[in-house]
Amino acid sequence: MPTELRATIAKLVTPGKGILAADESVPTITKRFNALGIESSEETRRAYRALLSTTPGIEDYVAGIILFEETLGQKADDGTPLVDALSRRGIVPGIKVDKGTVALPGAPGDLITQGLDGLGERLKAYKEKGARFAKWREVYAITDRNPTPLGIEANAEVLARYAAICQELSIVPIVEPEVLIDGDHTLERCYEVSDAVLHAVFRALHRHRVILEYIVLKPNMVLPGKERLPKASSEEVARATLALLRRTVPAAVPSINFLSGGQSSVDATAHLNAMNVMAPNAPWVLSFSYARALQDDAMRTWAGRKENVAAAQSAFHRRAKMNSLARHGKWNAALEKAA
Ligand code: 13P
């Protein structure tokens with residue numbers, strides 16, 4: 001069993017590379033498309049995901065792409081199954097397997113993610129179609145009262161059960177506990193919540209005998225709320241996030257691939273870069289698994305038009321390249337401008 005998990009992890013942690021999350025559910029991608037005046041249909045979603053997946057040279061920066069179920073069966077413009085188009089270039093196909101959130105009874109304001117029932121069967125089918133890793137996201141909103149202790153424990157338990165089921169089937173689980181950026185809370189409050197969340201998650205992973213060597217952690221960075229001014233500097237974000245991770249994430253975890261969570265594309269790059277500058281010898285790889293911060297420029301440039309595909313692909317290529325530099329602490333504002 002570990003042979004397969006080990007091989008997948010080895011690919012995902014390749015130096016200079018990160019993960020693209022292109023796994024928005026139909027309602028989420030529809031919201032993003034509609035905000036830009038793009039129609040959301042099975043065909044426009046296919047065309048857009050094919051654009052990302054077939055961007056020339058992207059394999060230099062992207063080790064894996066997380067797909068949504070619908071995309072797993074779709075084809076590139078030339079008729080090649082998208083999964084084959086990725087695998088041929090050494091990009092590992094992954095799959096989002098959670099079914100979104102509902103309110104958690106007994107914990108007003110907290111959510112819990114659904115999808116554990118029948119997960120093993122679904123994973124087997126996804127694996128048959130080429131998926132080698134999976135993603136599951138739990139979300140935690142920050143208010144004066146949330147997340148509650150019950151919310152933190154219940155979400156951790158679900159994440160750990162998902163991870164254990166994945167490993168049993170030799171699929172690498174991306175474990176994603178996302179403390180949300182919404183609100184006007186301080187950076188310190190985000191730290192406090194993220195600390196409680198990660199402690200609970202790793203206790204639960206231990207309880208469920210998840211092998212830490214074969215997971216990828218996908219956490220939020222430690223940031224002040226989106227409405228809080230002034231913003232934190234990259235150094236402040238990096239310092240707080242590194243302190244949090246050192247205190248909560250065992251060194252056995254091979255890779256931490258951050259979500260972008262509503263930061264601007266350049267902020268997400270700058271923050272990742274600052275962490276790699278500050279901690280070049282961190283026990284884990286510090287990389288990216290962004291959706292919005294990798295896709296925003298490309299989606300806007302594409303705007304649903306065939307004639308914009310090449311320009312959108314170069315926008316995606318540029319962001320992937322900037323984040324690849326940040327993964328080694330080699331990005332700077334001048335390079336960003338030049339790009
Ligand atoms: P963002 O980078 O847009 O936060 O998305 C990451 C992700 O995959 C959320 O589950």
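Throughout, residue positions are numbered sequentially from 1 according to the sequence presented. Indexing begins at 1, ligand by ligand and atom by atom, following the structure's order.
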Nearest to [atom], what protein heavy atom do you find, and at what distance?
{"atom": "atom 9 (C) of ligand 1", "answer": "Glu176 OE2, 3.2 Å"}
{"atom": "atom 10 (O) of ligand 1", "answer": "Lys135 NZ, 2.4 Å"}
{"atom": "atom 8 (O) of ligand 1", "answer": "Lys218 NZ, 2.7 Å"}

Exercise. Near Glu128 CD, under 6.0 Å, is it more than 12 heavy atoms from other residues, nucleotides or ligands?
Worked result: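 No.
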
For this session: Determine whether more than 12 heavy atoms belonging to other residues, nucleotides or ligands lie under 6.0 Å from atom CZ of Arg89.
Result: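 It does: Arg89 CZ has more than 12 such atoms within range.
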
Problem set entry | Plane angle bin for Trp302 and Phe33 - parallel if under 30°, tilted between 30 and 60°, otherwise perpendicular | tilted

For [X], take its heavy atoms, then give the atoms of ligand 1 lying under 4.0 Å from any of them.
{"X": "Arg137", "result": "9 (C), 10 (O)"}
{"X": "Ala21", "result": "8 (O)"}
{"X": "Gly261", "result": "1 (P), 2 (O), 4 (O)"}

Exercise. Which is it for Thr113 and Glu138 under the side-chain hydrogen bond (donor to acceptor under 3.5 Å, both in side chains) test, yes or no, and what are the steps along the way?
Worked result: CA-CA 6 Å; Thr113 302; Glu138 299 288 331; 3.2 Å; yes

Look at ligand 1 and say whether [X] reaches it with a heavy atom at a distance under 4.0 Å.
{"X": "Gln295", "answer": "no"}
{"X": "Ala293", "answer": "no"}
{"X": "Lys96", "answer": "no"}

Problem set entry | Side chain, backbone, both or neither: the part of Ala291 lying under 4.0 Å from ligand 1 by heavy atom |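 Both parts.
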
For this session: Mind checking whether Arg292 contacts ligand 1 via backbone (N, CA, C, O), side chain (CB onward), both or neither, at a 4.0 Å heavy-atom cut-off?
Result: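 The answer is both.
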
Exercise. Measuring from Cys190:SG to His185:NE2, what's the distance to the nearest 0.5 Å?
Worked result: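 Taking SG in Cys190 and NE2 in His185, the distance rounds to 5.0 Å.
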
Seminar exercise, completed: The reported gap from NZ in Lys75 to CZ in Arg46 (rounded to nearest 0.5 angstrom) is 10.5 Å

Exercise. Hey, would you say the Phe258 and His271 ring centroids sit under 6.0 Å apart?
Worked result: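 Between His271 and Phe258, which both carry aromatic rings, the centre distance is not below 6.0 Å.
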
For this session: Would you mind finding which of Ser289, Ser260, Ser25, Ala22 brings a heavy atom closest to atom 1 (P) of ligand 1?
Result: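 When every heavy atom of Ser289, Ser260, Ser25, Ala22 is considered, Ser260 comes closest to atom 1 (P) of ligand 1.
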
Exercise. Between Glu24 and Arg49, does at least one N-O distance fall below 4.0 Å, as a salt bridge requires?
Worked result: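 So Glu24 pairs with Arg49 through a salt bridge.
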
